2 protein chains.
Amino acid sequence: MAEGSGAGGPGSEALLFLTDDQLRKGIEAMFFAYRAFTADPDRILDDHAYGRAHHRAIHFINRQPGLTVNTLLSVLGVTKQSLNRVLRTLIEDGLVESRVGRQDKRERHLFLTAKGADLERALSDAQRARMRAAYRAAGPAAVAGFRQVLEAMMDPDLRRHYLALKEGG
Amino acid sequence: MAEGSGAGGPGSEALLFLTDDQLRKGIEAMFFAYRAFTADPDRILDDHAYGRAHHRAIHFINRQPGLTVNTLLSVLGVTKQSLNRVLRTLIEDGLVESRVGRQDKRERHLFLTAKGADLERALSDAQRARMRAAYRAAGPAAVAGFRQVLEAMMDPDLRRHYLALKEGG
DNA sequence: CTTGGAAAGTCAACAAGGCTGACATAAAGT
DNA sequence: ACTTTATGTCAGCCTTGTTGACTTTCCAAG
């Protein structure tokens, strides 16, 4: 309603959507939506005694098979020690395979095993189902705006990682 | 990829935005954007030896001054013990005040003190600045779509909390 | 060939912030 | 009088993040 009143000064029309109230709604929408966004995978992970950290590792190994530990590290934005704990259990459990690099033998290239790919599929199926329902409810135009805002929200460094994956698809 | 080939049946045009690739991009955009979304407040909180949990409590107490512990509990979706740890330090540090209910003396109503409101302002200023930049870069139409998709993503129970706040504004 | 640095892995210790379970108190409701 | 609700608290556990120190392996430049 406040948006409709034509009382603003010069140029205020174009900036009406930047009111604190609009911004606050966006902030709260992010908070609640992210909870929903992670809820389905979390349920599946619980059954396997894994956590969100395992999901993230599995996701990006699937997205970019053969990526090195260092690359995964910088995409995830965590420390080597933190990732290693997660990665070790995934390798021990036979979900991830680590192969020595051919050119540079210091590097380890990460791949999902068949078992790992199974879990990845279960997780991303669940997440995609929710995203699909939201997309369908909101419509194509809304989806375009959704991604535009999210991309504009990222730091340059994060956007770099995002875009690298976006092209690769 | 079956959806992407030009061979789709009737109605496939309208569903092009539901390809697995589009869904995946949305999922990854959520992941990276949420990191950026929380980065600025996290930096401020670090200086005060608080964490994201404190931020969330402060945010919702500010949004709905006088709300009861139980209400805050259900909005945040955590256990009483978990919230209490956070709330206790905020009260001890003089950021939050807890007043006994007048009608029902079992209830405690939560308010930000002046000091609490100061921190809240610093946190939300930072978060709004990022959101404002993203909104400005993406434009009003994108913003509408952004919120539509996020709202469609929420579980009914989460959306209930979101809408209650939305109206209250 | 030696040496410096990079990639990876590991150990130890710590902190935040979730969780469960058990229990205590005060106040309300029946 | 009894039960239920709202709150608070203690104790213990888990995941996942952190820092710091150290090792092994290997590449690459001097």
Side-chain angles (χ1 to χ4, degrees), chain A residues 31 34-35 38-39 41-61 66-93 96-111, chain B residues 31 34-35 38-39 41-61 66-93 96-111:
Chain A
F31 171 70
Y34 197 78
R35 277 242 297 273
T38 56
D42 282 356
R43 266 188 293 273
I44 295 171
L45 290 159
D46 261 9
D47 301 339
H48 297 254
Y50 292 136
R52 225 172 266 183
H54 300 83
H55 182 189
R56 293 197 281 259
I58 288 174
H59 175 93
F60 288 110
I61 294 172
L67 87 177
T68 66
V69 172
N70 246 349
T71 304
L72 184 53
L73 231 34
S74 78
V75 169
L76 294 176
V78 298
T79 58
K80 177 178 55 165
Q81 295 90 329
S82 196
L83 173 60
N84 202 257
R85 189 162 34 196
V86 163
L87 218 42
R88 201 187 320 173
T89 72
L90 289 176
I91 292 172
E92 281 171 2
D93 296 354
V96 167
E97 195 191 338
S98 164
R99 296 185 205 151
V100 173
R102 279 181 303 185
Q103 293 161 343
D104 189 333
K105 292 180 190 167
R106 292 172 302 180
E107 294 178 339
R108 300 298 139 90
H109 298 271
L110 304 170
F111 300 86
Chain B
F31 171 69
Y34 197 77
R35 277 242 297 273
T38 55
D42 282 355
R43 265 187 294 274
I44 296 171
L45 291 159
D46 261 9
D47 301 338
H48 298 254
Y50 292 137
R52 224 172 269 182
H54 300 83
H55 182 189
R56 293 197 281 259
I58 288 174
H59 175 93
F60 289 111
I61 294 172
L67 87 178
T68 67
V69 173
N70 246 349
T71 304
L72 184 53
L73 231 34
S74 79
V75 170
L76 294 176
V78 298
T79 59
K80 177 178 55 163
Q81 295 90 329
S82 198
L83 173 61
N84 202 256
R85 188 163 34 194
V86 163
L87 217 44
R88 200 188 320 171
T89 73
L90 289 176
I91 292 171
E92 281 170 2
D93 295 355
V96 167
E97 195 191 338
S98 164
R99 298 185 204 149
V100 173
R102 279 180 304 188
Q103 294 160 343
D104 188 332
K105 293 180 188 167
R106 292 172 303 180
E107 294 178 341
R108 299 299 138 91
H109 299 272
L110 303 171
F111 301 87

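Throughout, a chain's letter reflects where its sequence line sits, starting with A, and its residues are numbered from 1. The structure displayed is predicted, hence computed values, not measured ones.
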Hey, is the side chain of A/Arg56 poking within less than 4.0 Å of OP1 or OP2 on D/dG17, counting only N and O atoms?
-> yes
Separation of B/Glu92 atom CD from D/dT9 atom C1', in whole Å?
-> 13 Å
Taking A/His54 for its side chain and A/Gly51 for its backbone only, find out whether a donor-acceptor pair lies under 3.5 Å.
-> yes
Could you state the atom-to-atom distance from CG of A/Asn84 to P of D/dT18 in whole Å?
-> 13 Å
Given side chains that start at C-beta, do those of B/Asp93 and B/Tyr50 come closer than 4.5 Å, heavy atoms only?
-> yes
5' priority, DNA chain D, between A/Ala53 and B/Gln81 [closest heavy atom] = B/Gln81
Taking CZ from A/Arg85 and P from D/dG17, how many angstroms apart are they, rounded to a whole number?
-> 8 Å
base_contact_polar (D/dT25 base, A/Arg106 side chain, donor-acceptor, <3.5 Å) = no
Report yes or no: is the cationic atom of B/Arg56 (NZ for Lys, CZ for Arg) under 6.0 Å from the centre of the six-membered ring of A/Phe31, at an angle within 45° of the ring normal?
-> no
Expressed in angstrom and rounded to an integer, what is the separation of A/Lys80 atom NZ from D/dA21 atom P?
-> 13 Å
Looking across every strand, which nucleic acid part, if any, lies under 4.0 Å from A/His109 by heavy atom: base, sugar-phosphate, or nothing?
-> nothing
Mapping B/Val69 and A/Gly101 to their closest nucleotides on DNA chain D, which lands nearer the 5' end?
-> B/Val69
Do A/Arg52 side-chain and D/dG17 base share a donor-acceptor contact under 3.5 Å?
-> no
Protein-nucleotide distance (B/Leu45, atom CG; D/dT18, atom P), rounded to Å | 16 Å
Closest listed nucleotide, where the reference is the side chain of A/Ser82 and the choices are D/dT18, D/dT7, D/dT9 | D/dT18
Measure the distance from CG on A/Leu73 to P on D/dG17 and round it to the nearest whole Å.
-> 11 Å
Which whole-number value in Å describes the distance from B/Leu87 CG to D/dA6 C1'?
-> 14 Å
Could you tell me from which nucleotide to which nucleotide of DNA chain C, 5' to 3', there is an atom under 4.0 Å from chain A heavy atoms?
-> C/dG5 to C/dC11
Interatomic distance, A/His48 NE2 vs D/dT15 P [rounded to whole Å] = 15 Å
N/O (side chain, B/Arg88) to phosphate O (OP1/OP2, D/dT9) under 4.0 Å | yes
CG of A/Leu90 to CD of A/Glu97, rounded to nearest 0.5 Å, is 13.5 Å
B/Arg108 and B/Val100: side chain to side chain contact (heavy atoms under 4.5 Å, CB included), yes or no, with the steps?
-> CA-CA 5 Å; B/Arg108 299 299 138 91; B/Val100 173; 3.8 Å; yes
Rounded to the nearest 0.5 Å, how far apart are CG of B/Leu110 and CD1 of B/Ile91?
-> 6.5 Å
Rounded to the nearest 0.5 Å, how far does NE2 of A/His109 lie from CD of A/Gln103?
-> 7.5 Å
